[in-house]
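Note sheet for the following structure.
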Number of protein chains: 2
Amino acid sequence: MAKSARTRQRILDAAAHVLSRKGFAGTRLTDVAEAAELQAPAIYYYFPSREDLIEEVMWSGISNMAEHVQEQLDALPPDTSSLDRIEAAVEAHLRYQLEISDYTTAAIRNAGQIPDNIRVRYSAEANRYGDIWRKLFQEAKREGSLRSELDPRAARMLVLGALSWAAEWWNPRRGSLDQVIRTAKSIVRAGLSTAPEAETAAPAPQRTRARKTAKAAG
Amino acid sequence: MAKSARTRQRILDAAAHVLSRKGFAGTRLTDVAEAAELQAPAIYYYFPSREDLIEEVMWSGISNMAEHVQEQLDALPPDTSSLDRIEAAVEAHLRYQLEISDYTTAAIRNAGQIPDNIRVRYSAEANRYGDIWRKLFQEAKREGSLRSELDPRAARMLVLGALSWAAEWWNPRRGSLDQVIRTAKSIVRAGLSTAPEAETAAPAPQRTRARKTAKAAG
DNA sequence: CTGGTTTTCTAGCCACGGATCAATACTAGC
DNA sequence: GCTAGTATTGATCCGTGGCTAGAAAACCAG
């Protein structure tokens, strides 16, 4: 009984991997099968169709990301400032995207290329994730931490874009992840904040790096 | 003689359009032909193969972008500060990407999915564009305008990511382009700058918005 | 071993897309 | 109207990939 679930997961992982670098239309079941170490028709024992498989990859990618980020936010002390919360979300997003999962990469790269029927469910989940950030920015605005000349929606999407795009260029051999995270946090805080950054270069309390729940998808 | 060139251009435009929303593997010659209003085999009169066509779309997308941005930078007065130059590049990039061309969107979305043989030429051109930004950031660093805790490469790529990603979410009906540009400039400047932003909310001399050379691809 | 269930494989149908090529317009100059 | 070169099409070949069916294998009681 457990074996079945493991095989299914292997197929999903393989599909995420292929999807992330070949694109929606370029994802062949034979490639997925090869990566999962079985024959292509075996996939049909676990998924009704190619599209269903891909849909689940896309869906679970963004869904797990949302869960992960939300988890990290919930772990913060309740009196954390809105900008600190945004920083924590930046770190959670980058860490998950770059260190853990093919899924988010697959989702992000193919969001614009999937056919409508798949997009429906995906968009719903993407919106749920977007809500997390929308809320973060609303809080910041309400607290007066967001500079007034910024359009909140544009600012939010620009930040999310900077993070999402990191999967395209980040390479573990060219600079550490921590370095990227530190830079991203710094830019985002300074980029959004009204305050002239009192604690400038001070390392700042690392309380945002909560715990290391390296929870693999599934 | 002019007709031939026009048909060729029509095919290129169509290919850019299809490529940007169907992805590399999903780009069918029949779809391109339909958008270009001719029959698929006619494409082979102008391009030796499907891959050559796609390669030219990718290549020219990033190439025109580089040219456009460089042009705008060259139009700035020689004493322009490095941060003002970066702001100008931000505006040039966004304006070109969002207002003018399917090509850049196609290039950006498919950069991670094209096969190696196409990627070679594309990467060369992408590097050329990257150089423009690398230089901008180096200048800023040399001038001492870049905060010291920022990793220059990470900072540069995060900014470029924020801009590139804009094509994924920006919609002319949901907020004006000028609004997005203003927000992006503001975030980038404040995000990178050492100075505590003296001219805060003041509209600031609009000398970065150079002229409106709406030069279409080709 | 045996019988039954779960899982995987072999074989193959079918549709589609890239590519080729001969045939056909269209356009100019005569 | 003929001809030469340009531009476009329709018919077709070939390879490939999603998917199905049914057999084979692996697994697991007893």
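Every chain is numbered from 1 and lettered A, B, ... according to where its sequence line falls, protein lines coming before strand lines.
Note on B:Y45: a side-chain N or O is less than 4.0 Å away from OP1 or OP2 of D:dA7. For A:S49 and D:dG18, the shortest distance from a side-chain N or O to OP1 or OP2 is not below 4.0 Å. Phosphate contact (OP1/OP2 of C:dC16, side-chain N/O of B:T30, threshold under 4.0 Å): absent.
If you measure from atom CZ of A:F24 to atom P of D:dG18, you get 10 Å, rounded to the nearest angstrom. Counting to the nearest Å, the P atom of C:dA19 and the CG atom of B:L29 are 6 Å from each other. The separation between B:F47 atom CZ and C:dT20 atom C1' is 18 Å, rounded to whole Å. Between the CD1 atom of B:I11 and the C1' atom of D:dT8 there is a distance of 10 Å, rounded to whole Å. If you take OH of B:Y44 and C1' of C:dA23, they are 19 Å apart, rounded to a whole angstrom. As a whole-Å value, the separation of B:E37 CD from D:dT9 P is 11 Å. Atom CG in A:L38 sits about 14 Å away from atom C1' in D:dA26, given to the nearest Å. At whole-Å resolution of the value, CD1 in B:I43 and P in D:dA7 are 16 Å apart.
The side chain of A:Q39 lies closest to C:dC9, out of D:dT9, D:dG18, C:dC9. Among D:dC19, C:dT8, C:dG17, the nucleotide with an atom closest to any side-chain atom of B:R28 is C:dG17. Listed nucleotides D:dT9, D:dC19, C:dG18 differ in distance to A:R50; the shortest reach to its side chain belongs to D:dC19. The side chain of A:P41 sits closest to C:dA11 out of C:dA19, D:dT9, C:dA11. For B:K3, taking side-chain heavy atoms from C-beta onward, the closest of the listed nucleotides C:dC9, D:dT20, D:dT8 is D:dT8.
At distances below 3.5 Å, not a single donor-acceptor pair connects side-chain atoms of B:E55 with backbone N or O atoms of B:R121.
Taking CG from B:L73 and CZ from B:R85, the interatomic distance works out to 5.0 Å, rounded to the nearest 0.5 Å.
Between A:K185 and A:E91 there is a salt bridge, since a side-chain N of the basic residue sits under 4.0 Å from a carboxylate O of the acidic one.
Within 4.0 Å (heavy atoms only), B:Y46 reaches sugar-phosphate atoms of the nucleic acid but no base atom.
Remark: B:R50 is positioned above the aromatic ring of B:F24, its terminal NZ or CZ atom under 6.0 angstrom from the ring centre and at most 45 degrees off the axis.
Side-chain contact, A:Q179 with A:R182: a donor N or O sits under 3.5 Å from an acceptor N or O.
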